[in-house]
Amino acid sequence: MLRMSTLLLRTLRDDPADAEVASHKLLVRAGYVRRVAAGIYAWLPLGYITLRNIERIVREEMDAAGFQEVHFPALLPKDPYEQTNRWDEYGQDLFRLQDRRGNDYLLGPTHEEMFTLMVKGEYSSYKDLPLSIYQIQTKYRDETRPRSGIIRGREFVMKDSYSFDLDDEGLAISYEKHRSAYIKTFTRLGMNYNIVSAVSGAMGGSRSEEFLAPCPTGEDTYVLCEKCGYAANVEAMLTKVAPYSGESAPAMEVFDSPNTPTIDSLVDLLNSKFGPGHVAADTLKNVLLVADGKAISVLVPGDREVDLKRFQANLAGVHELRLFDDQDFVKYPGLVKGYVGPQDAKKLGITVYADPRVVIGSHWITGANQKDKHVRYVTHGRDFEIEGFIEAAEVKAGDTCPECATPVVIDRAIEIGHIFQLGRKYAQALDLTVLDKDGKSRVVTMGSYGIGVSRAVAAIAEQTHDEIGLCWPREVAPADIHIIAAGKGDQPFEMAEKFAQDIEAAGLRVMIDDRRDPSAGVKFKDAELIGIPFIMVVGKGLESGVVEFRNRKSGEKSELPLATALTTIISTIQEA
RNA sequence: CGGGAUGUAGCGCAGCUUGGUAGCGCACCAGGCUGGGGGUCUGGGUGUCGCAGGUUCAAAUCCUGUCAUCCCGACCA
């Protein structure tokens, strides 16, 4: 039983100054968490109980699916991460440290290497597969900018699983098992979520989906087709385009276009020079980038912006991508800022990619690679060639679904789970092989599956809170019922205590506000802030032989006669 | 990485322009009233004014440096 008279808890009346999002404000105000450093939080009793409830649910569902729990250290040696090249690839986001001998260590951001090595150390036959193992561990990522409180911290709790199979069919089965275990888990957590297709990442892997909890403060953007159910992270949304069917254009024609550094100014000039009817979509935007030190450009129609995250996610093998800066223009004197076109790219040593909308055969108005000059009738396939089509244009509301051509809706969400078919990257790098039926050595194929456990606390808070406080789903809440003793004298306290013991004896989790000093009003406010799903008030009603029973979420209140209150309350909660 | 801002009690903030040795609200402690919506009265200050230098008789305040934190942007080529 949780007793507020002794619970380590101090609720706050004011929002913390550094909090922006609701979950952050409320978790701090209600005394669930306290900030220790940027992106690093301590859990107070109420918060820790909540966190462990989520852990418990996750663990139960993993175990029910037949996965085995293991546990690795958070502090890891550099070596395995060097073998997979992640010591370098992970870059600045990796927390690194040295021991007294100067040896390098890291705080694990994920544990693919360790799991792979564990299986390698124990297993060597196809008969041992399939295998899925998981852990619930504290992870570390030195985010450039931790934000939104618990949602994006530098230290966080994550459940990560890894599956090991001999072949792709096995991997598909392991993947499906995780997928359904995740559905059960998030449903039990009382979350509203969508499963969306995601970019499987630069390192290959055939299938990847994210579990997203819709929420205005979320950092991820996804599209949803309300007609056919297609859902994708914006990074992964596919663009379906028809082949070019228009007439072929005349030869390229350069024209003067002073003072048109932007698309808008260019369109104005086109309309006055060549007659009205020109729009931004007739022009071709050339965005110059530096990808791992190499100059590249990406083409999108002039009415679209480039979504760099989306582009990078789809551009295999590039770790660092940034826009051209003035120094880069100095290095490539053939490129004139504001007047760039793809037709001279080969000559200038630029690799060109294009959004699928820039179809072969289409012609465009674009920069002439000379100051104050543009060129028209520049035709894809005739006047320039590209390295490949890459999804790069920003996704806009109203863009059409690639499956059924219905306009999609765009929404924001918090990523709470991610499942994906890793393939053989790690097994290959760390030489995880087993002998197959024919005695031949085969590289194992893997899947990797994550749930943000601490993030789920915040995501649930985001989805369930209201104006007055938190409002937990029952399984997640720190208790099933919050009993308030209110009023003068000993009687309400003694009665509340009795109820608390009886309700607990029925197997429910009870928190009792047995504090003598605070007035009833304070206790009500605290109860609403803390967000336990049912609230019972033992106080003034005693005079007329009743207690009050409230539903935190609906606000519904009822007065129950003392004689039947206990059984009514117990059955109501159990049925909830 | 770039831009903006802020560091003063557990939390939220004022004081800084014009230097004189720290204050308000909440919380907290003692006591009284009140006792169903963050009530009230009296008394109590719990502080390395982020840190380090400097100027000065005197620095929260002015100067320099440094550290930390928060917000915005990582885009119209």
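Lettering of chains follows the sequences in order, A, B, ..., and the numbering in each one begins at 1.
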Colleague: Please work out if G539(A) contacts a base, only the sugar-phosphate, or nothing of the nucleic acid, heavy-atom cut-off 4.0 Å.
Modeller: base
Colleague: Can R550(A) be said to sit on top of F524(A)'s aromatic six-ring, NZ or CZ under 6.0 Å from centre and within 45° of the ring axis?
Modeller: yes
Colleague: Could you let me know what A22(B) is paired to, Watson-Crick or G-U wobble, both distances under 3.5 Å, or none if it's on its own?
Modeller: none
Colleague: Could you run through nucleotides 37-51 of chain B and give me one letter per nucleotide, 5' to 3': B if any protein heavy atom sits under 4.0 Å from the base, S if only the sugar-phosphate is that close, - if neither?
Modeller: BBS------------
Colleague: Are any of the side-chain heavy atoms of W472(A) and V457(A) separated by less than 4.5 Å?
Modeller: yes
Colleague: Between U69(B), C75(B), G12(B), which one does the side chain of L323(A) approach most closely?
Modeller: C75(B)
Colleague: Between Q463(A) and P214(A) (side chain of the first, backbone of the second, donor and acceptor by atom type, cut-off under 3.5 Å), is there such a pair?
Modeller: yes
Colleague: Restricting to salt bridge (Lys or Arg N to Asp or Glu O under 4.0 Å), what partner residues turn up for D18(A), sequence neighbours left out?
Modeller: R35(A)
Colleague: Would you kindly check if the NZ (Lys) or CZ (Arg) of R516(A) is within the cone defined by 45 degrees around the ring axis of F493(A) and under 6.0 Å from the six-membered ring centre?
Modeller: yes
Colleague: Without decimals, in angstroms, what is the distance between L44(A) CG and G10(B) P?
Modeller: 16 Å
Colleague: Quickly work out the R310(A) CZ to C75(B) P distance and round it to whole Å.
Modeller: 19 Å
Colleague: Have a look at D328(A) and say if it touches a base, only the backbone sugar-phosphate, or nothing, with a 4.0 Å heavy-atom cut-off.
Modeller: nothing
Colleague: Starting at the 5' end of RNA chain B and moving along, which residue's nearest nucleotide shows up first, V538(A) or N286(A)?
Modeller: V538(A)
Colleague: In terms of the nearest nucleotide of RNA chain B, which residue is placed more toward the 5' end: A37(A) or R10(A)?
Modeller: R10(A)
Colleague: Whole angstroms only, please: what is the CD-P distance between Q312(A) and C75(B)?
Modeller: 13 Å
Colleague: Just checking G541(A): base, sugar-phosphate only, or nothing, at a heavy-atom cut-off of under 4.0 Å?
Modeller: base
Colleague: Look at all strands and tell whether V340(A) reaches a base, only sugar-phosphate, or nothing, counting heavy atoms closer than 4.0 Å.
Modeller: nothing
Colleague: Given that both distances must come in under 3.5 Å, which nucleotide forms a Watson-Crick or G-U wobble pair with U6(B)?
Modeller: A68(B)
Colleague: Between G35(B), C75(B), C71(B), which nucleotide has the shortest distance from any of its atoms to the side chain of K488(A)?
Modeller: G35(B)
Colleague: What's the closest nucleotide to the R35(A) side chain, out of U69(B), G12(B), G36(B)?
Modeller: U69(B)
Colleague: Could you tell me whether a side-chain N or O of R141(A) sits under 3.5 Å from a main-chain N or O of P109(A), the two making a donor and an acceptor?
Modeller: yes
Colleague: How is V28(A) classified with respect to the nucleic acid when contacts are heavy atoms under 4.0 Å: base, sugar-phosphate, or nothing?
Modeller: nothing
Colleague: List the residues meeting side chain to side chain donor-acceptor pair (under 3.5 Å) with Q343(A), not counting sequence neighbours, and say none if there are none.
Modeller: none
Colleague: Round to a whole Å and report the spacing from CG of D14(A) to P of C11(B).
Modeller: 12 Å
Colleague: Taking the six-membered ring for Trp, are F274(A) and F255(A) parallel (under 30°), tilted (30 to 60°) or perpendicular (over 60°)?
Modeller: perpendicular
Colleague: I need the CZ-P distance between R152(A) and C70(B), as an integer number of Å.
Modeller: 13 Å
Colleague: To the nearest Å, give me how far apart CG (D513(A)) and P (G36(B)) are.
Modeller: 15 Å
